[in-house]
Protein chains: 2
Amino acid sequence: MRLVIAKCTVDYSGRLDAHLPQAVRLLMIKADGCVAIHADGGAYKPLNWMNAPNLFRESGEGSELTWIVTNDKSEKLTIQLHEVLSDSSHEMGSDPGLEKDGVEAHLQELLAANVEQISAGMVLVRREYPTNIGPVDLLCRDQNGQAVAVEIKRRGEIDGVEQLSRYLEFLNRDSNLKPVTGIYAAQEIKPQARVLAEDRGIECLILDYDELRGIESNELKLF
Amino acid sequence: MRLVIAKCTVDYSGRLDAHLPQAVRLLMIKADGCVAIHADGGAYKPLNWMNAPNLFRESGEGSELTWIVTNDKSEKLTIQLHEVLSDSSHEMGSDPGLEKDGVEAHLQELLAANVEQISAGMVLVRREYPTNIGPVDLLCRDQNGQAVAVEIKRRGEIDGVEQLSRYLEFLNRDSNLKPVTGIYAAQEIKPQARVLAEDRGIECLILDYDELRGIESNELKLF
DNA sequence: CTGTTCATCTCGTAA
DNA sequence: TTACGAGGTGAACAG
């Protein structure tokens, strides 16, 4: 990894056009060739960047170096270096990578194992119940034996309501299931999504991840 | 900005849990306190990070330093530094920031100012016309006085068609507007999006950004 | 290889 | 402050 601190101006042209006025910034060039330009503030996202694979060309000399980075999608990043304050390279080797735990898939597992938390007497028919337009997260039957399709999201936005509506439309064509009602379950449901869901007769359910995890661990303790 | 190259292990706990095994990485600490951990490859996104504002604590000594970064949302980033290979700081001053050109807002402005480019006699009612499920980009009336809802995208994909369909559904409940037709306008419309749009009776319109900008500047020249 | 969905999304902006 | 939608979204996964 090469790290350069320099007073520079930058122009990007590609999916949009962008320009950075002259200032001191960090230019980061990784081993795979990708380039990132960071200011000393803001979040982790660089001001400008160019992903690998790309072509890096250096031209000019002295106090007016120019870096031009291009790729095969006709994107172009032009960096004018007016003054280089630091330039260093570091050997780092390959990275073993990140291990994650606690994302959305876990939520579906937890709820599938505890469908009676949705309403008393609810029974799971199956997870990822297939339809022609994709699988529904959960298909259940309530205490009266009526089919219920459940769509689970971490954050319930309007797209998820559309998705569930489409599933219901298809499920209701199956005379063995009809009539099928819908439940939209999420840790958080946005107001607009709620409006649309209720407009379509879909029930909204707020999930408590910690509570579900608590129930799970309590049940495990019983055995 | 402080840049440290070190052999380290990292643990993050907060919105999820994540762990990084021991390896040499770049640790970046910006002036506003945010911390990012980069490997020498992958894209511009760091492996782990912690945004400002946060609390940074350094403890231990010699070859076993520990950095603990916490914030008020009970997120915690723990960095064990097993070997520091480089540690430097750089004064960079504030950044004038990025100037962008060619994003969706520009397209909407340009088209709003030139609605007769959509079709002859078209008149703008208002931009960001509100509905219960969000604002429509443009509401217009055509030469016959019939209401037309326009959804503008830079890249026209299928979810934009869904979005416009929802707006039309709600707008058509308003007896002052009914019947409302839809136009899906984008610089580029994906084949699947076009099929769905036409299936729903929504007209597709390809926008030429340069052309719209040209019309705009020509009109300016007239005055 | 495209298409779809998730993300510690980030980021801006308007109510 | 919160809600909402765009993003040079990126990244992972399924078909």
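Chain letters run A, B, ... following the sequence lines, proteins first and then strands; every chain starts at 1.
- No donor-acceptor pair closer than 3.5 Å links the side chain of A:Asp199 to the backbone N or O of A:Val195.
- Here A:Arg154 reaches the OP1 or OP2 of C:dC9: one of its side-chain N or O atoms lies under 4.0 Å away.
- Between the side chain of B:Ser119 and the backbone N or O of B:Met122 there is no donor-acceptor pair closer than 3.5 Å.
- Atom NZ of B:Lys190 and atom P of C:dC1 are 16 Å apart (whole Å).
- Rounded to whole angstrom, the span from the CG atom of A:Leu196 across to the P atom of D:dA3 amounts to 18 Å.
- Using modelled atom types, one side-chain atom of B:Asp32 and one backbone atom of A:Gly42 make a donor-acceptor pair closer than 3.5 Å.
- In summary, A:Glu198 and A:Arg200 do not engage in a salt bridge, as defined by a charged side-chain N under 4.0 Å from a carboxylate O.
- Salt-bridge formation is not detected for the pair B:Arg127/B:Asp137: no Lys NZ or Arg NE/NH1/NH2 atom is positioned less than 4.0 Å from an Asp or Glu carboxylate oxygen.
- A salt bridge is absent between B:Arg126 and B:Glu128; no separation between the charged side-chain nitrogens and carboxylate oxygens falls under 4.0 Å.
- A distance-only check finds no donor-acceptor pair linking the side chain of A:Asp17 to the backbone of B:Lys100 [under 3.5 Å].
- C:dT8 and C:dT4 have their P atoms separated by 22 Å, given to the nearest Å.
- Counting to the nearest Å, the C1' atom of C:dT13 and the CD atom of B:Glu109 are 13 Å from each other.
- Relative to the side chain of B:Asn51, the nucleotides D:dG10, C:dT10, C:dT8 differ in distance, and C:dT10 lies closest.
- The phosphate of D:dA6 has OP1 or OP2 within less than 4.0 Å of a side-chain N or O from B:Lys153.
- Between A:Arg2 and A:Glu58, at least one side-chain nitrogen of the basic residue sits less than 4.0 Å from a carboxylate oxygen of the acidic one, meeting the salt-bridge criterion.
- In this entry the distance linking CZ of A:Arg155 with P of C:dC9 reads 6 Å, nearest Å.
- Distance, A:Glu188 CD to C:dT8 C1': 14 Å, rounded to whole Å.
- Summarising the geometry, the separation between CD on B:Glu75 and P on C:dA7 is reported as 15 Å, rounded to the nearest angstrom.
- Contact check of residues 14-22 of chain B against DNA chain D (heavy atom, cut-off under 4.0 Å) returns no residues at all.
- Salt bridge status for A:Arg194 with A:Glu157: absent, with no side-chain N to carboxylate O gap under 4.0 Å.
- Residues from residues 28-48 of chain A placing a heavy atom under 4.0 Å of any atom in DNA chain C, listed by number, are A:Ala43, A:Tyr44, A:Lys45.
- A:Met50 comes within contact range of at least one nucleobase, with a heavy-atom separation under 4.0 Å.
- For D:dC4 and D:dG8, the P atoms lie 22 Å apart once the distance is rounded to whole Å.
- B:Leu47 approaches A:Leu98 most closely through the heavy-atom pair O-CD2, 3.5 Å.
- Look at B:Lys100 and you won't find any side-chain N or O under 4.0 angstrom from OP1 or OP2 of C:dC11.
- For A:Asp159 and D:dG5, the CG to C1' distance is 10 Å, given to the nearest whole Å.
- For A:Pro191, taking side-chain heavy atoms from C-beta onward, the closest of the listed nucleotides D:dC4, C:dT5, C:dT8 is D:dC4.
- Contact between the side-chain N/O atoms of B:Gln192 and the OP1/OP2 oxygens of C:dT4 is found at a separation under 4.0 Å.
- Between the CG atom of A:Asn71 and the P atom of D:dG10 there is a distance of 11 Å, given to the nearest Å.
- The shortest distance between the side-chain N/O atoms of B:Trp49 and the OP1/OP2 oxygens of C:dT10 is below 4.0 Å.
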